[in-house]
Amino acid sequence: MAVTDLFHKRQKRIRGEYPDVYQYDELPNKLKVQIIHLWDETIEADYSGGGWNPSSLNREYLKKCYKSLCKEIGVFKLNEEDSDDEIYITYFESISSYFLSEDNIEQALSIIELMAQTISSFAREYRYKVSINIDEAINELNQRFREHGVGYQYESGQIVRVDSEFIHAEAVKPVLQLLSNPTYIGAQEEFLNAHEHYRHSRYDAALTDCLKAFESTMKIIIHKRSLVCDKNATSKKLVDCCLSNELIPKFWTDQFNSLSNILTSSIGTPRNKLSGHGKGNDEIEVPEHLIQYVLHMTASTIVFLIKAEESLD
(Lines give C-alpha, C1' and ligand atoms only; values in the text may rest on other atoms or scores of the structure.)
Protein backbone atom coordinates (compact mmCIF):
# COMPACT_ATOMS: atom_id res chain seq x y z
CA MET A 1 0.00 0.00 0.00
CA ALA A 2 1.64 3.20 -1.17
CA VAL A 3 1.07 6.48 -2.98
CA THR A 4 2.33 6.14 -6.55
CA ASP A 5 4.30 9.13 -7.79
CA LEU A 6 2.80 9.31 -11.28
CA PHE A 7 3.90 11.58 -14.12
CA HIS A 8 1.06 14.10 -13.70
CA LYS A 9 1.93 14.55 -10.01
CA ARG A 10 5.58 15.21 -10.79
CA GLN A 11 4.61 17.76 -13.43
CA LYS A 12 2.32 19.55 -10.99
CA ARG A 13 5.16 19.83 -8.52
CA ILE A 14 7.49 21.16 -11.22
CA ARG A 15 4.91 23.81 -12.13
CA GLY A 16 4.35 24.62 -8.48
CA GLU A 17 0.66 23.75 -8.66
CA TYR A 18 0.44 21.90 -5.36
CA PRO A 19 -0.97 24.24 -2.72
CA ASP A 20 1.34 25.26 0.09
CA VAL A 21 -1.44 26.82 2.16
CA TYR A 22 -3.94 24.49 3.78
CA GLN A 23 -7.67 24.89 3.28
CA TYR A 24 -10.26 23.64 5.75
CA ASP A 25 -13.67 24.15 4.16
CA GLU A 26 -14.13 21.23 1.78
CA LEU A 27 -12.84 17.82 0.81
CA PRO A 28 -12.23 17.51 -2.96
CA ASN A 29 -14.19 14.69 -4.57
CA LYS A 30 -10.97 13.18 -5.91
CA LEU A 31 -9.62 12.97 -2.34
CA LYS A 32 -12.82 11.24 -1.19
CA VAL A 33 -12.49 8.65 -3.97
CA GLN A 34 -8.83 8.02 -3.05
CA ILE A 35 -9.82 7.54 0.60
CA ILE A 36 -12.49 4.99 -0.39
CA HIS A 37 -9.86 3.13 -2.42
CA LEU A 38 -7.72 3.10 0.73
CA TRP A 39 -10.60 1.68 2.77
CA ASP A 40 -11.14 -1.03 0.15
CA GLU A 41 -7.44 -1.96 0.27
CA THR A 42 -7.62 -2.42 4.03
CA ILE A 43 -10.92 -3.48 5.54
CA GLU A 44 -12.48 -4.27 2.11
CA ALA A 45 -16.14 -4.44 1.17
CA ASP A 46 -18.49 -6.77 3.04
CA TYR A 47 -19.87 -8.52 -0.02
CA SER A 48 -18.80 -11.24 -2.43
CA GLY A 49 -19.94 -11.54 -6.02
CA GLY A 50 -23.58 -10.47 -6.30
CA GLY A 51 -24.35 -10.14 -2.60
CA TRP A 52 -22.98 -9.76 0.88
CA ASN A 53 -20.81 -12.42 2.38
CA PRO A 54 -22.14 -13.50 5.82
CA SER A 55 -18.83 -15.12 6.71
CA SER A 56 -16.71 -12.05 6.02
CA LEU A 57 -14.67 -11.08 9.06
CA ASN A 58 -15.12 -7.37 8.48
CA ARG A 59 -18.93 -7.21 8.33
CA GLU A 60 -19.56 -6.76 12.05
CA TYR A 61 -16.97 -3.97 12.21
CA LEU A 62 -18.53 -2.17 9.24
CA LYS A 63 -22.00 -2.69 10.72
CA LYS A 64 -20.90 -1.13 14.01
CA CYS A 65 -19.40 1.81 12.09
CA TYR A 66 -22.62 2.23 10.09
CA LYS A 67 -24.81 2.09 13.20
CA SER A 68 -22.59 4.59 15.03
CA LEU A 69 -22.81 7.04 12.14
CA CYS A 70 -26.60 6.71 11.97
CA LYS A 71 -26.91 7.31 15.71
CA GLU A 72 -24.56 10.30 15.88
CA ILE A 73 -25.94 11.93 12.74
CA GLY A 74 -29.50 11.30 13.91
CA VAL A 75 -30.91 9.15 11.10
CA PHE A 76 -32.23 5.61 10.78
CA LYS A 77 -30.21 4.90 7.63
CA LEU A 78 -27.45 6.77 5.84
CA ASN A 79 -28.96 6.63 2.34
CA GLU A 80 -32.59 6.54 1.22
CA GLU A 81 -31.90 3.46 -0.89
CA ASP A 82 -30.50 1.49 2.05
CA SER A 83 -32.72 -1.48 2.79
CA ASP A 84 -34.78 -1.49 5.98
CA ASP A 85 -33.70 -5.11 6.36
CA GLU A 86 -30.03 -5.11 7.36
CA ILE A 87 -29.61 -8.53 5.76
CA TYR A 88 -29.54 -6.79 2.39
CA ILE A 89 -27.27 -3.89 3.32
CA THR A 90 -23.64 -3.90 2.24
CA TYR A 91 -22.28 -1.54 4.86
CA PHE A 92 -19.10 -0.65 2.98
CA GLU A 93 -21.07 0.57 -0.04
CA SER A 94 -23.54 2.48 2.13
CA ILE A 95 -20.82 4.25 4.14
CA SER A 96 -18.87 5.06 0.97
CA SER A 97 -21.96 6.37 -0.84
CA TYR A 98 -22.90 8.60 2.09
CA PHE A 99 -19.31 9.83 2.41
CA LEU A 100 -19.20 10.84 -1.28
CA SER A 101 -22.45 12.79 -0.98
CA GLU A 102 -21.66 14.52 2.33
CA ASP A 103 -20.81 18.20 1.76
CA ASN A 104 -20.41 19.14 5.43
CA ILE A 105 -16.66 18.85 5.97
CA GLU A 106 -16.90 18.19 9.71
CA GLN A 107 -19.27 15.28 9.16
CA ALA A 108 -17.11 13.99 6.30
CA LEU A 109 -14.04 14.15 8.56
CA SER A 110 -16.01 12.33 11.26
CA ILE A 111 -16.61 9.49 8.80
CA ILE A 112 -12.89 9.35 7.95
CA GLU A 113 -12.00 9.32 11.65
CA LEU A 114 -14.51 6.60 12.51
CA MET A 115 -13.48 4.44 9.54
CA ALA A 116 -9.80 4.79 10.49
CA GLN A 117 -10.65 3.69 14.04
CA THR A 118 -12.71 0.81 12.64
CA ILE A 119 -9.90 -0.36 10.38
CA SER A 120 -7.41 -0.14 13.27
CA SER A 121 -9.66 -2.24 15.51
CA PHE A 122 -10.25 -4.78 12.75
CA ALA A 123 -6.52 -5.05 12.01
CA ARG A 124 -5.71 -5.61 15.71
CA GLU A 125 -8.45 -8.22 16.18
CA TYR A 126 -7.56 -10.25 13.09
CA ARG A 127 -3.85 -9.53 12.85
CA TYR A 128 -3.12 -13.22 12.25
CA LYS A 129 -5.78 -13.60 9.54
CA VAL A 130 -5.51 -10.38 7.52
CA SER A 131 -2.47 -8.46 6.30
CA ILE A 132 -3.18 -4.82 7.05
CA ASN A 133 -0.29 -2.49 7.82
CA ILE A 134 -2.20 0.15 9.73
CA ASP A 135 0.80 2.50 9.95
CA GLU A 136 1.15 2.46 6.17
CA ALA A 137 -2.58 3.08 5.79
CA ILE A 138 -2.51 6.09 8.12
CA ASN A 139 0.62 7.45 6.41
CA GLU A 140 -1.13 7.22 3.05
CA LEU A 141 -4.26 8.92 4.40
CA ASN A 142 -2.20 11.81 5.76
CA GLN A 143 -0.22 12.08 2.54
CA ARG A 144 -3.50 12.29 0.59
CA PHE A 145 -4.60 15.18 2.82
CA ARG A 146 -1.30 16.96 2.14
CA GLU A 147 -1.46 16.36 -1.62
CA HIS A 148 -4.80 18.12 -1.79
CA GLY A 149 -3.78 20.93 0.55
CA VAL A 150 -6.40 19.92 3.11
CA GLY A 151 -5.32 21.03 6.57
CA TYR A 152 -6.09 17.92 8.59
CA GLN A 153 -4.16 14.82 9.67
CA TYR A 154 -5.05 11.62 11.50
CA GLU A 155 -2.92 11.35 14.64
CA SER A 156 -3.33 9.25 17.81
CA GLY A 157 -6.79 8.04 16.81
CA GLN A 158 -8.23 11.47 15.97
CA ILE A 159 -8.43 13.96 13.13
CA VAL A 160 -6.45 17.08 14.10
CA ARG A 161 -6.13 20.39 12.31
CA VAL A 162 -2.76 21.31 10.77
CA ASP A 163 -1.69 24.91 10.23
CA SER A 164 1.97 24.54 9.34
CA GLU A 165 3.34 21.26 8.02
CA PHE A 166 6.78 22.10 9.42
CA ILE A 167 5.47 22.95 12.88
CA HIS A 168 3.20 19.91 12.81
CA ALA A 169 6.14 17.64 11.97
CA GLU A 170 8.54 19.25 14.42
CA ALA A 171 6.24 19.94 17.38
CA VAL A 172 2.70 18.53 17.24
CA LYS A 173 3.54 15.02 16.01
CA PRO A 174 6.43 14.54 18.48
CA VAL A 175 4.31 15.69 21.42
CA LEU A 176 1.53 13.25 20.50
CA GLN A 177 4.08 10.44 20.36
CA LEU A 178 5.52 11.38 23.76
CA LEU A 179 2.10 11.80 25.36
CA SER A 180 1.00 8.38 24.09
CA ASN A 181 2.97 6.97 27.03
CA PRO A 182 0.31 5.87 29.57
CA THR A 183 2.05 8.02 32.18
CA TYR A 184 0.92 11.14 30.32
CA ILE A 185 -2.57 9.97 29.34
CA GLY A 186 -4.28 12.90 31.09
CA ALA A 187 -2.09 15.49 29.38
CA GLN A 188 -2.61 13.75 26.04
CA GLU A 189 -6.39 13.95 26.40
CA GLU A 190 -6.21 17.64 27.27
CA PHE A 191 -3.91 18.41 24.33
CA LEU A 192 -6.18 16.50 21.91
CA ASN A 193 -9.19 18.32 23.39
CA ALA A 194 -7.47 21.62 22.66
CA HIS A 195 -7.16 20.62 18.99
CA GLU A 196 -10.77 19.46 18.92
CA HIS A 197 -11.93 22.82 20.29
CA TYR A 198 -9.72 24.59 17.76
CA ARG A 199 -11.26 22.63 14.88
CA HIS A 200 -14.70 23.86 15.96
CA SER A 201 -13.53 27.46 16.54
CA ARG A 202 -14.01 27.20 20.31
CA TYR A 203 -10.84 29.18 20.87
CA ASP A 204 -11.39 30.07 24.52
CA ALA A 205 -11.90 26.38 25.38
CA ALA A 206 -8.81 25.51 23.35
CA LEU A 207 -6.74 27.98 25.37
CA THR A 208 -7.98 26.46 28.60
CA ASP A 209 -7.04 22.92 27.53
CA CYS A 210 -3.61 24.07 26.31
CA LEU A 211 -2.85 25.33 29.79
CA LYS A 212 -4.29 22.17 31.36
CA ALA A 213 -2.01 19.99 29.20
CA PHE A 214 1.01 22.13 30.06
CA GLU A 215 0.26 22.04 33.79
CA SER A 216 -0.57 18.32 33.78
CA THR A 217 2.74 17.51 32.14
CA MET A 218 4.67 19.37 34.82
CA LYS A 219 2.61 17.79 37.63
CA ILE A 220 3.27 14.32 36.23
CA ILE A 221 7.00 14.99 35.98
CA ILE A 222 7.09 16.43 39.51
CA HIS A 223 5.23 13.36 40.81
CA LYS A 224 7.57 10.99 38.94
CA ARG A 225 10.52 12.67 40.61
CA SER A 226 8.81 12.61 44.05
CA LEU A 227 9.19 16.36 44.46
CA VAL A 228 7.22 18.48 46.90
CA CYS A 229 4.86 20.93 45.26
CA ASP A 230 1.36 22.18 46.01
CA LYS A 231 -1.08 20.00 44.03
CA ASN A 232 -3.11 23.16 43.27
CA ALA A 233 -0.09 25.12 42.07
CA THR A 234 -0.54 27.39 39.05
CA SER A 235 1.60 27.14 35.93
CA LYS A 236 4.10 29.72 37.18
CA LYS A 237 4.63 27.90 40.49
CA LEU A 238 4.96 24.58 38.68
CA VAL A 239 7.62 26.07 36.40
CA ASP A 240 9.45 27.46 39.44
CA CYS A 241 9.31 24.01 41.08
CA CYS A 242 10.80 22.36 38.00
CA LEU A 243 13.61 24.91 37.88
CA SER A 244 14.39 24.91 41.61
CA ASN A 245 14.67 21.12 41.65
CA GLU A 246 17.04 21.11 38.68
CA LEU A 247 14.93 18.90 36.48
CA ILE A 248 17.11 20.26 33.70
CA PRO A 249 20.89 20.86 33.70
CA LYS A 250 21.97 24.02 35.53
CA PHE A 251 23.50 25.54 32.41
CA TRP A 252 19.96 25.59 30.91
CA THR A 253 18.52 27.61 33.82
CA ASP A 254 18.73 31.02 32.13
CA GLN A 255 17.25 29.67 28.91
CA PHE A 256 14.45 27.91 30.74
CA ASN A 257 13.70 31.00 32.84
CA SER A 258 13.30 32.90 29.59
CA LEU A 259 11.14 30.12 28.23
CA SER A 260 9.01 30.06 31.38
CA ASN A 261 8.40 33.80 31.03
CA ILE A 262 7.24 33.28 27.48
CA LEU A 263 4.99 30.42 28.56
CA THR A 264 3.34 32.20 31.44
CA SER A 265 2.59 35.13 29.14
CA SER A 266 1.58 33.14 26.04
CA ILE A 267 -0.36 30.35 27.73
CA GLY A 268 -1.30 31.28 31.28
CA THR A 269 -2.09 34.97 30.78
CA PRO A 270 -4.24 34.68 27.63
CA ARG A 271 -6.23 31.87 29.25
CA ASN A 272 -6.75 33.95 32.39
CA LYS A 273 -7.60 37.17 30.57
CA LEU A 274 -9.60 35.80 27.66
CA SER A 275 -11.29 32.66 28.89
CA GLY A 276 -10.53 31.53 32.41
CA HIS A 277 -12.40 34.11 34.48
CA GLY A 278 -15.45 35.06 32.44
CA LYS A 279 -15.88 37.80 29.90
CA GLY A 280 -18.12 40.18 31.82
CA ASN A 281 -20.35 42.56 29.90
CA ASP A 282 -17.98 42.95 26.95
CA GLU A 283 -17.58 39.91 24.72
CA ILE A 284 -13.87 39.27 24.18
CA GLU A 285 -13.09 37.42 20.97
CA VAL A 286 -10.02 35.18 21.03
CA PRO A 287 -8.22 35.70 17.69
CA GLU A 288 -7.40 32.62 15.64
CA HIS A 289 -3.72 33.54 15.25
CA LEU A 290 -3.34 33.59 19.05
CA ILE A 291 -4.66 30.07 19.53
CA GLN A 292 -2.46 28.83 16.67
CA TYR A 293 0.56 30.29 18.42
CA VAL A 294 -0.41 28.89 21.83
CA LEU A 295 -1.11 25.40 20.42
CA HIS A 296 2.33 25.26 18.83
CA MET A 297 4.06 26.78 21.86
CA THR A 298 2.33 24.27 24.12
CA ALA A 299 3.40 21.38 21.91
CA SER A 300 7.05 22.39 21.68
CA THR A 301 7.25 23.16 25.42
CA ILE A 302 5.78 19.81 26.46
CA VAL A 303 8.30 18.07 24.18
CA PHE A 304 11.09 20.06 25.85
CA LEU A 305 9.88 19.21 29.37
CA ILE A 306 9.52 15.48 28.75
CA LYS A 307 12.84 15.20 26.91
CA ALA A 308 14.60 17.17 29.65
CA GLU A 309 13.15 14.89 32.35
CA GLU A 310 14.08 11.75 30.40
CA SER A 311 17.66 12.98 29.98
CA LEU A 312 18.15 12.85 33.77
CA ASP A 313 17.95 9.03 33.82
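The environment of Lys32 atom NZ is dense: over 12 non-hydrogen atoms of other residues, nucleotides or ligands sit within 6.0 angstrom.
For the salt bridge (Lys or Arg N to Asp or Glu O under 4.0 Å) test, residues two or more places apart in sequence or in another chain that qualify with Lys67 are Glu86. Every residue two or more places apart in sequence or in another chain that forms a salt bridge (Lys or Arg N to Asp or Glu O under 4.0 Å) with Lys77 is listed here: Asp84. Remark: Phe145 pairs with no residue by the ring pair (Phe, Tyr, Trp, His ring centres under 6.0 Å) rule, at least two apart or across chains. In this structure Phe122 satisfies the ring pair (Phe, Tyr, Trp, His ring centres under 6.0 Å) test together with Tyr61, Tyr126, sequence neighbours excluded. Qualifying ring pair (Phe, Tyr, Trp, His ring centres under 6.0 Å) partners for Phe99, counting only residues two or more places apart in sequence or in other chains: Trp39.
Asn79 places no side-chain N or O within donor-acceptor distance of the main-chain N or O of Glu81, the cut-off being under 3.5 Å. Using modelled atom types, one side-chain atom of Ser180 and one backbone atom of Gln177 make a donor-acceptor pair closer than 3.5 Å. Of the possible donor and acceptor atoms, one in the side chain of Arg225 sits under 3.5 Å from a partner among the backbone N and O of Glu309. Remark: side-chain polar atoms of Gln23 are paired, donor with acceptor, to backbone N or O of Asp25 under 3.5 angstrom. Side-chain atoms of Glu102 never come within 3.5 Å of backbone atoms of Ala108 as a donor-acceptor pair (strictly under, hydrogens ignored). Here the side chain of His296 pairs a donor or acceptor atom with the backbone of Gln292 at under 3.5 angstrom.
Both Leu312 and Ile302 are part of a single hydrophobic cluster, where members link through side-chain heavy atoms under 4.5 Å apart.
Side-chain atoms of Tyr66 and Asp82 form a donor-acceptor pair, as typed in the model, at a separation below 3.5 Å. Thr183 and Asn181 are linked by a side-chain donor-acceptor pair at a separation below 3.5 angstrom, with hydrogens and angles left out of the test.
Electrostatic pairing of Glu60 and Lys64 does not count as a salt bridge here, judged by no charged N lying under 4.0 Å from a carboxylate O.
For residues 175-197, every residue pair satisfying the salt bridge (charged side-chain N to carboxylate O under 4.0 Å, His left out) rule, not counting sequence neighbours, is listed here: Glu196-Arg199.
Using bins of under 30°, 30° to 60° and over 60° for the plane-to-plane angle, the ring pair Tyr203/Tyr198 lands in the tilted bin.
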